[in-house]
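First up is the structure itself, then whatever we jot down about it.
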Amino acid sequence: MDEFVARYGPWALIAGASEGIGAAFARALAQRGVHLALVARRGERLEALEREIAGLAPVQVRRIALDLARADAATRLEREASDLDVGLVVYNAALAPAGAFLEIPLDEQLAAIDVNVRGPLAMAHRFGERLAARGSGGIVLLSSLTAFQGSPFVTTYGATKSFLLSLSEGLWYELAPRGVDVLCVLAGATRTPNYLRQRAEGGAPGELEPEQVAREALAKLGRAPSMIPGRFNRFASQLLRRVLPRRAAIRLMGAQTRRMSLD
Ligand SMILES: NC(=O)c1ccc[n+]([C@@H]2O[C@H](COP(=O)([O-])OP(=O)(O)OC[C@H]3O[C@@H](n4cnc5c(N)ncnc54)[C@H](OP(=O)(O)O)[C@@H]3O)[C@@H](O)[C@H]2O)c1
């Protein structure tokens with residue numbers, strides 16, 4: 001436990017922390033004794049989480065209400081956290097426009113690029129520099145199983161998640177000699193409030209709780225460039241990537257996402 005705090009503490013910054021997987025990271029890190037800088041748009045959700053965390057562990061919490069779609073989000077976060085010794089950055093927030101590509105307004109798809117691509121890239125750059133200067137730390141980027149092949153009806157979202165996989169793995173190699181561990185988390189269906197709002201009737205096979213995603217991810221930090229939480233998801237991903245022809249994998253994904261996004 002102390003080894004974890006020594007390497008990735010004393011503070012962690014979680015971008016997209018107010019609910020779901022981000023909040024699960026917050027709880028798991030608090031239980032390991034890491035202080036938390038929590039970022040999301042809804043300040044009242046962050047306040048509620050802070051109260052919950054106070055009952056879990058004696059750690060400090062700083063709430064930062066900010067829209068990560070802003071072009072200057074990373075600069076602002078760097079400023080807000082300038083007095084904190086941040087050892088770990090988790091970029092969790094995402095925007096997932098769902099539906100037929102041509103019917104989703106372009107502005108919405110470009111907003112997904114801001115939150116899912118520009119945001120984590122800028123954060124990895126700004127905080128990567130700080131962590132490398134410290135000579136220790138970690139960066140966790142939340143991607144998805146949609147990263148591995150085209151994902152119809154969440155096409156732009158899936159493309160942003162492929163970007164994150166590639167970004168993370170490149171950084172994993174570049175930053176390791178500077179003492180910074182980078183990990184891409186390729187989550188499958190996870191019972192977050194956001195997912196439960198869009199989920200197809202009956203759900204998806206292999207659904208996980210957010211706590212399991214955070215727990216497995218933190219256990220892999222420093223041990224792999226990327227990881228898939230959940231045994232079923234690891235199996236399904238092997239099938240999609242290594243067994244099925246690519247066209248079949250895209251069709252299978254399309255059949256699943258059509259049920260989820262358009263029904
Ligand atoms: N849930 C799944 O089934 C699933 C599957 C695969 C991958 N993932 C990935 O896992 C991550 C988390 O997913 P999730 O389902 O927990 O929900 P999410 O809706 O992607 O993220 C929720 C958190 O991010 C914050 N957030 C969203 N947009 C923001 C913005 N523009 N600025 C600041 N904060 C923002 C939300 O708080 P506010 O609304 O208060 O801002 C909330 O705390 C995402 O990267 C997602 O792609 C999830």
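Residues: numbered from 1 along the sequence shown. Just so you know, ligand 1 is whichever comes first in the structure, and atom 1 is the first atom listed for that ligand.
Here is the list of ligand 1 atoms found below 4.0 Å of a heavy atom in K161: 44 (C), 45 (O), 46 (C), 47 (O). Close approach to Y195 involves these atoms of ligand 1, each under 4.0 Å from a residue heavy atom: 1 (N), 3 (O). Within the listing of ligand 1, atoms 3 (O) sit less than 4.0 angstrom from a heavy atom of A189. When each atom of ligand 1 is checked for a heavy atom of A17 under 4.0 Å away, the hits are 43 (O). Listed by number with element, the atoms of ligand 1 under 4.0 Å from a non-hydrogen atom of D67 are 30 (C), 31 (N), 32 (N).
Nearest protein heavy-atom contact of atom 26 (N) of ligand 1 is A93 CB, 3.6 Å. Nearest non-hydrogen protein atom to atom 40 (O) of ligand 1 is R42 NE, 2.8 Å. Protein heavy atom at the shortest distance from atom 39 (O) of ligand 1 is R41 NH2, 2.9 Å. Atom 24 (O) of ligand 1 has G16 CA, 3.3 Å as its closest protein atom, hydrogens excluded (heavy atom only). Among all protein heavy atoms, the one lying closest to atom 8 (N) of ligand 1 is Y157 OH, 3.7 Å. Considering only non-hydrogen protein atoms, atom 3 (O) of ligand 1 sits nearest to T190 N, 2.8 Å. Atom 6 (C) of ligand 1 has A187 O, 3.2 Å as its closest protein atom, hydrogens excluded (heavy atom only). Shortest contact from atom 12 (C) of ligand 1 to any protein heavy atom: N92 OD1, 3.0 Å.
Using a 4.0 Å heavy-atom cutoff, Y91 is absent from the residues neighbouring ligand 1. Residue contact annotation: R191 has no non-hydrogen atom under 4.0 Å from ligand 1.
Counting heavy atoms closer than 4.0 Å to ligand 1, residue L66 contributes backbone atoms (N, CA, C, O) but none from C-beta onward. Contacts between P210 and ligand 1, counted as non-hydrogen atom pairs separated by less than 4.0 Å, are absent for every part of the residue.
A distance-only check finds a donor-acceptor pair linking the side chain of N92 to the backbone of G16 [under 3.5 Å]. The closest donor-acceptor contact from the side chain of S162 to the backbone of G158 lies under 3.5 Å. A donor-acceptor distance shorter than 3.5 angstrom exists from the side chain of T190 to the backbone of G188, with no hydrogens or angles considered.
When every heavy atom of E108 is checked against every heavy atom of P97, the shortest pair comes out as OE2-CB, 3.5 Å. Across all their heavy atoms, S237 and F148 have their closest contact at OG-CE1, 3.8 Å. Of all heavy-atom pairs between S226 and E169, the closest is OG-OE2, 2.9 Å. For the pair G9 and V34, the tightest heavy-atom approach, listed with the atom from each and the gap, is CA-CG1, 4.4 Å. Residue A124 comes nearest to L171 through the heavy atom pair CB-CD1, 3.8 Å, listed as atom of the first residue, atom of the second, then distance.
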- [ ] Decide yes or no on side-chain contact (heavy atoms from CB on, under 4.5 Å) for N233 and L208, but give the supporting numbers first.
- [x] CA-CA 9 Å; N233 290 333; L208 299 180; 4.0 Å; yes
Task: Candidate pair L84 and L13, rule side-chain contact (heavy atoms from CB on, under 4.5 Å), full reasoning - done: CA-CA 10 Å; L84 307 179; L13 186 152; over 6 Å; no
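To the nearest 0.5 angstrom, Y157 atom OH is 13.0 Å from I104 atom CD1. A distance of 11.0 Å separates CD1 in I64 from CZ in R79, rounded to the nearest 0.5 Å.
Selection from V185, T192, N194 by nearest heavy atom to atom 18 (P) of ligand 1 gives N194. Counting only non-hydrogen atoms, the option in A94, S144, S143, A147 that gets closest to atom 9 (C) of ligand 1 is S143. Among S18, G188, A24, A26, the residue whose heavy atom sits closest to atom 42 (C) of ligand 1 is S18. Taking each of V90, I21, L164, I64 in turn, the one with a heavy atom nearest to atom 16 (O) of ligand 1 proves to be I21.
Considering backbone and side-chain atoms together, L68 places an N or O closer than 3.5 Å to an N or O of ligand 1. Close N/O approach between E19 and ligand 1 is found [any backbone or side-chain N/O within under 3.5 Å].
Using a 4.0 Å cut-off between a side-chain N of Lys or Arg and a carboxylate O of Asp or Glu, R27 and E52 qualify as a salt bridge. Here R130 does not pair with E78 in a salt bridge; the nearest charged N to carboxylate O distance is not below 4.0 Å.
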